Amino acid sequence: QVHLEESGGGLVQPGGSLRLSCAASGYPLDMYAVGWFRQIPGKDRGAVACIGSYTSATYYADSVKGRFTISRDNDKKMVYLQMNNLKPEDTATYYCATQANYKANYLATRPDEYDYWGQGTQVTVSS
């Protein structure tokens with residue numbers, strides 16, 4: 001059983017920053033792509049940022065480019081999402097996800113391409 005856990009969410013004012021963390025228990029997170037997704041009630045879950053395993057390949061949704069940065073610490077088997085200049089429209093539940101199989105030269109960005117999910121962490125951007 002793969003267990004992913006997100007942390008770092010919270011309430012922040014517009015223009016503020018948060019750093020989300022994703023940790024995996026008993027799973028070599030460093031070997032697989034990891035994605036951060038977000039969802040608001042009534043809307044589909046969508047990719048925010050994704051990062052490849054052994055490569056430096058990254059993907060960002062247009063709405064977060066220049067503000068969010070995804071990174072990984074393979075020694076600690078952690079993946080992070082640094083979120084700067086947060087906007088009210090960034091308010092959502094954020095999930096990290098990873099895959100069951102390594103895919104060379106391909107970075108998945110759709111939710112249905114990810115196999116294991118955390119429970120999510122709420123990010124609220126409001127004054």
Side-chain angles (χ1 to χ4, degrees):
Q1 185 78 16
V2 178
H3 177 72
L4 297 179
E5 184 170 0
E6 304 93 341
S7 60
L11 173 65
V12 64
Q13 292 186 341
S17 298
L18 286 173
R19 188 178 81 154
L20 305 184
S21 300
C22 177
S25 299
Y27 195 71
L29 199 61
D30 54 325
M31 294 180 62
Y32 302 98
V34 175
W36 282 99
F37 297 80
R38 65 187 181 187
Q39 187 171 27
I40 60 174
K43 295 290 184 68
D44 291 335
R45 192 172 297 187
V48 174
C50 305
I51 188 166
S53 55
Y54 298 113
T55 72
S56 59
T58 55
Y59 162 85
Y60 293 96
D62 287 342
S63 59
V64 307
K65 283 179 181 176
R67 300 188 297 122
F68 290 12
T69 303
I70 189 169
S71 62
R72 62 193 309 150
D73 183 333
N74 283 341
D75 289 338
K76 296 181 179 179
K77 295 180 173 54
M78 297 283 292
V79 174
Y80 305 99
L81 183 68
Q82 178 66 43
M83 305 187 295
N84 297 330
N85 190 22
L86 282 159
K87 303 177 180 181
E89 52 263 42
D90 295 317
T91 296
T93 302
Y94 285 70
Y95 300 88
C96 71
T98 191
Q99 298 178 304
N101 298 292
Y102 171 69
K103 296 178 174 63
N105 300 316
Y106 176 74
L107 181 58
T109 61
R110 299 195 318 266
D112 63 357
E113 296 180 294
Y114 285 80
D115 305 290
Y116 305 117
W117 292 82
Q119 293 298 306
T121 186
Q122 179 66 34
V123 171
T124 302
V125 185
S126 175
S127 55

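Just so you know, these numbers use all the heavy atoms, side chains as well, and skip hydrogens, waters and symmetry mates. Treat the numbers as computed from the prediction; the structure is a model and nothing was measured.
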Contacts of V123 meeting side-chain contact (heavy atoms from CB on, under 4.5 Å) (sequence neighbours excluded), chain-then-number -> L18, L20, M83, Y94, V125
Check disulfide bond (SG atoms under 2.5 Å apart) between C50 and all other residues, then give those that pass, not counting sequence neighbours. none
By side chain to side chain donor-acceptor pair (under 3.5 Å), T93 pairs with (sequence neighbours left out) Q122
Partners of Q119 by side chain to side chain donor-acceptor pair (under 3.5 Å), sequence neighbours excluded? none
Which residue pairs pass the ring pair (Phe, Tyr, Trp, His ring centres under 6.0 Å) test with at least one member in residues 29-51, sequence neighbours excluded? Y27-Y32, F37-Y114, F37-W117
Under the rule for side chain to side chain donor-acceptor pair (under 3.5 Å), what residues qualify as partners of Y95, not counting sequence neighbours? none
Determine, using the 4.5 Å side-chain heavy-atom cutoff (strictly less than), whether L4 and Y102 are members of one ILVMFWY cluster. yes
Tell me the salt bridge (Lys or Arg N to Asp or Glu O under 4.0 Å) pairs involving residues 90-101, sequence neighbours left out? R38-D90, R67-D90
Smallest separation among heavy atoms of V48 and V64, with atom names: O-CG2, 3.5 Å
Could you tell me whether the side chain of I70 reaches within less than 4.5 Å of the side chain of Y60, counting heavy atoms only? yes
Enumerate the residue pairs fulfilling salt bridge (Lys or Arg N to Asp or Glu O under 4.0 Å) with a member in residues 110-127, sequence neighbours excluded, ordered by first and then second residue. R110-D112, R110-E113
Results of side-chain contact (heavy atoms from CB on, under 4.5 Å) for S7 - residues two or more places apart only: S21
So, do S126 and L11 sit near enough that their side-chain heavy atoms are less than 4.5 Å apart? yes
Could you check whether any side-chain N or O of R72 sits under 3.5 Å from a backbone N or O of A33, counting only pairs where one atom can act as donor and the other as acceptor? no
Pairwise salt bridge (Lys or Arg N to Asp or Glu O under 4.0 Å) hits with a residue in residues 9-33, at least two apart: none
From Y59 atom OH to T109 atom OG1, the distance as rounded to the nearest 0.5 Å: 5.5 Å
Could you pull out all residues at least two apart from S71 that satisfy side-chain contact (heavy atoms from CB on, under 4.5 Å)? Y80
Rounded distance (nearest 0.5 Å) linking atom OG of S53 with atom CE of M31: 8.0 Å
Contacts of K43 that satisfy side-chain contact (heavy atoms from CB on, under 4.5 Å) - sequence neighbours left out: I40
At their closest point, which heavy atom of P28 faces which heavy atom of K77, and how far apart are they? CA-CE, 4.2 Å
Nearest heavy-atom pair of N84 and S17: which atoms, and what distance? OD1-OG, 2.9 Å
